[in-house]
Amino acid sequence: MAVAEGTPQTQGGATATINGLKTYGEAVIHEDGGDQRVAAGLFEMSVDGGGTLQTYCVDLHNPTQRDARYQETPWSGTSLGTNKDAGRIRWILQNSYPQVNDLAALARKAGASGLTEQDAAAGTQVAIWRYSDGAKVDAVDPQAEKLADYLQKSARGTAEPQASLTLDPPAVSGHPGDLLGPVTVHTDADSVTVSPPADAAASGVRIIDRTGKVITSAKDGSQLFFDIPEDAADGSAQLTVQASTTVPVGRAFASESRSQTQILAGSSESTVSATASATWADKGALPAVSARTNCAKGGVDITAVNKGDQPFTFELMGAEHTIPAGATRTVTVPLQEDQPYDFTITGPNGFSHRFTGLLDCRTQGTLTTKTTQTLSEPSPATVGGITTPPDTDLAATGGSAITPMIAGVAIGLVVIGGAVLVFLRRKETPTGE
């Protein structure tokens, strides 16, 4: 019987904890209800396993939560995915501070008499907010404002950067004796370390290339396979790849704690990782399931692949979907904005996979704070650069504390506020499981 996977699946890359604003100036947001003065500049994050990231905010009117954890995320899983100006934001990042650290040269291009690091950070953030949030915002310092205007007017569309590290697909399935895969490595690192399943010595499962060679390191484009012994009992396994690299400028970082979305402005050498799972059985339906946020469709795409010899059927929102043997189908689970989800999909042979996240696809559009306090040392809870005292109700600033997740119940998905049930099952009555 396959071992249930109880840990959430991520899309790979860097995982980090936000430390707060580190280099910043001030800006003024012009709203119908009046002007509001806020801090604007660079945030710093600490990467799990080692490394430091510098980021700007692309979600002005939401707060950053204290010690919020962030995951490297494709643009399609954030508000950038539906923002026609996302490429212009990346151009700004590539052509301003801290990527350009010659501030005298940057000031000349902007027509400014001079720029401090604080001015450069504030001007860059202001230019980004104009494209990420459509905000009417100006830098307080005149030189920072000249930089913001220059960056906004000069920005050109550029492509989304490659992920620091992902595995595609993140889940595979098949029969004992088969090679399960391929799982393709996508990375900007020179090489990655490949770690086999924790119980590989006992189970006999190996991670190999197409020629049968055991793989302990790989590079961009490498194809990995799970080699399952012919006499293996029905089961599952997971491989991990890890590398040290600089995360590409322009990568998005999203949090499950409703903490404002960030975009990468600079990276030290940092630890990145990704996992892929395999499930195998002698007969029956053989599901491999993955999930990805799709902001264009306002939900989560669930992709199910059936490598078995029997049809695989699941029900979604009252509709039944059958995947024939050897076929693939993707179904979108619609969710409300800011809606956390935590669901477990189950199938035959003890198959179980858990997915968690929060749909954060839109910027707020307008501030909901009535007063804004700008502190010399920003508190851990900030809206864009708007700092709020520790005892402030974050709901009043357009954000909220971490919303508790609801665990998957039986076979399926329970979504907070939506009472949506999704479950995956066999059409036939299981026997001998």
Side-chain angles (χ1 to χ4, degrees), residues 18-31 34-45 53-65 68 79-80 85 88-93 95-101 103 106-107 110 112 114-153 155 253 259-266 363-369 371-389 397-399:
I18 198 163
N19 300 327
L21 275 168
K22 294 300 179 181
T23 307
Y24 59 94
E26 291 185 320
V28 176
I29 304 171
H30 307 289
E31 300 280 356
D35 293 348
Q36 300 197 52
R37 195 160 173 147
V38 301
L42 274 173
F43 287 84
E44 184 178 280
M45 293 189 190
L53 307 178
Q54 292 175 299
T55 61
Y56 287 106
C57 162
V58 287
D59 196 4
L60 171 59
H61 299 313
N62 288 320
T64 50
Q65 307 289 351
S79 60
L80 296 171
D85 292 319
R88 296 179 186 269
I89 295 172
R90 190 187 180 204
W91 186 96
I92 291 171
L93 295 167
N95 291 274
S96 191
Y97 180 77
Q99 288 299 304
V100 177
N101 54 21
L103 297 184
L106 188 60
L115 290 169
T116 66
E117 290 183 342
Q118 290 76 18
D119 294 337
T124 305
Q125 178 65 92
V126 166
I128 289 171
W129 277 337
R130 291 174 181 173
Y131 282 124
S132 66
D133 292 71
K136 296 179 180 179
V137 57
D138 298 312
V140 170
D141 182 90
Q143 308 313 315
E145 174 63 12
K146 287 184 179 180
L147 176 61
D149 288 343
Y150 158 72
L151 293 172
Q152 181 187 11
K153 293 174 183 177
F253 280 78
S259 191
Q260 62 186 203
T261 304
Q262 304 280 313
I263 192 166
L264 188 73
T363 55
Q364 294 293 321
T366 57
L367 274 171
T368 56
T369 45
T371 59
T372 299
Q373 182 178 5
T374 303
L375 308 178
S376 59
E377 191 67 33
S379 75
T382 66
V383 177
I386 300 170
T387 58
T388 54
T397 64

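The figures that follow rest on heavy atoms only: side chains count, while hydrogens, waters and symmetry mates do not.
- The nearest pair of heavy atoms linking Ala127 to Ala148 is CB-O, 3.7 Å.
- Ala68 pairs by the side-chain contact (heavy atoms from CB on, under 4.5 Å) definition with Ile18, Gln65, Tyr70, Ser255, Ser257, Ser259, not counting sequence neighbours.
- The shortest non-hydrogen separation linking Tyr97 to Ala120 is CB-CB, 3.6 Å.
- The side-chain hydrogen bond (donor to acceptor under 3.5 Å, both in side chains) search around Ser132 returns none, not counting sequence neighbours.
- A distance of 10.0 Å separates CG in Leu53 from CD in Gln262, rounded to the nearest 0.5 Å.
- From Gln118, atom CD reaches atom OG1 of Thr23 across 6.5 Å, with rounding to the nearest 0.5 Å.
- For Val28, the side-chain contact (heavy atoms from CB on, under 4.5 Å) criterion is met by His30, Asp35, Arg37, Val140, not counting sequence neighbours.
- The side-chain contact (heavy atoms from CB on, under 4.5 Å) test with Ile128 singles out one residue from Val137, Asp85, Ile92, and that residue is Ile92.
- Put simply, the side chain of Gln260 does not reach to within 4.5 Å of the side chain of Pro63, judged on heavy atoms.
- Glu145 pairs by the side-chain hydrogen bond (donor to acceptor under 3.5 Å, both in side chains) definition with Arg130, not counting sequence neighbours.
- Between Thr363 and Leu60, the closest side-chain pair of non-hydrogen atoms is not below 4.5 Å.
- Between Trp91 and Leu151 there is a side-chain heavy-atom pair separated by less than 4.5 Å.
- Nearest heavy atom pair, residue Tyr24 against residue Ala39, reads CD1-CB, 3.9 Å.
- Between Leu115 and Leu103 the shortest heavy-atom distance is O-CD1, 3.5 Å.
- From Thr55, atom OG1 reaches atom NZ of Lys22 across 11.5 Å, with rounding to the nearest 0.5 Å.
- Within the model, atoms CD1 of Ile263 and CG of Asp59 stand 12.0 Å from one another, a figure rounded to the nearest 0.5 Å.
- Among residues two or more places apart in sequence or in another chain, the side-chain hydrogen bond (donor to acceptor under 3.5 Å, both in side chains) test is passed with Gln143 by Ser113.
- In this structure the side chain of Leu93 never reaches within 4.5 angstrom of the side chain of Gln99, judged on heavy atoms.
- Asp141 meets the side-chain hydrogen bond (donor to acceptor under 3.5 Å, both in side chains) test with no other residue; sequence neighbours excluded.
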Criterion side chain to side chain contact (heavy atoms under 4.5 Å, CB included) on Leu106 and Leu147, from CA distance to verdict = CA-CA 8 Å; Leu106 188 60; Leu147 176 61; 3.9 Å; yes

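- For the atom pair Ile89 CD1 and Trp129 CH2, the distance stands at 12.5 Å (nearest 0.5 Å).
- By the side-chain contact (heavy atoms from CB on, under 4.5 Å) test, Asn101 pairs with no residue at all, sequence neighbours left out.
- Residues passing the side-chain contact (heavy atoms from CB on, under 4.5 Å) test with Pro98 are Leu42, Gln54, Tyr56, Ala265, sequence neighbours excluded.
- Contact annotation: the side chain of Thr64 never approaches that of Leu21 to less than 4.5 Å [non-hydrogen atoms, C-beta and beyond].
- Of all non-hydrogen atoms in Ala155 and Tyr131, the two that sit nearest each other are CB-CE1, 4.0 Å.
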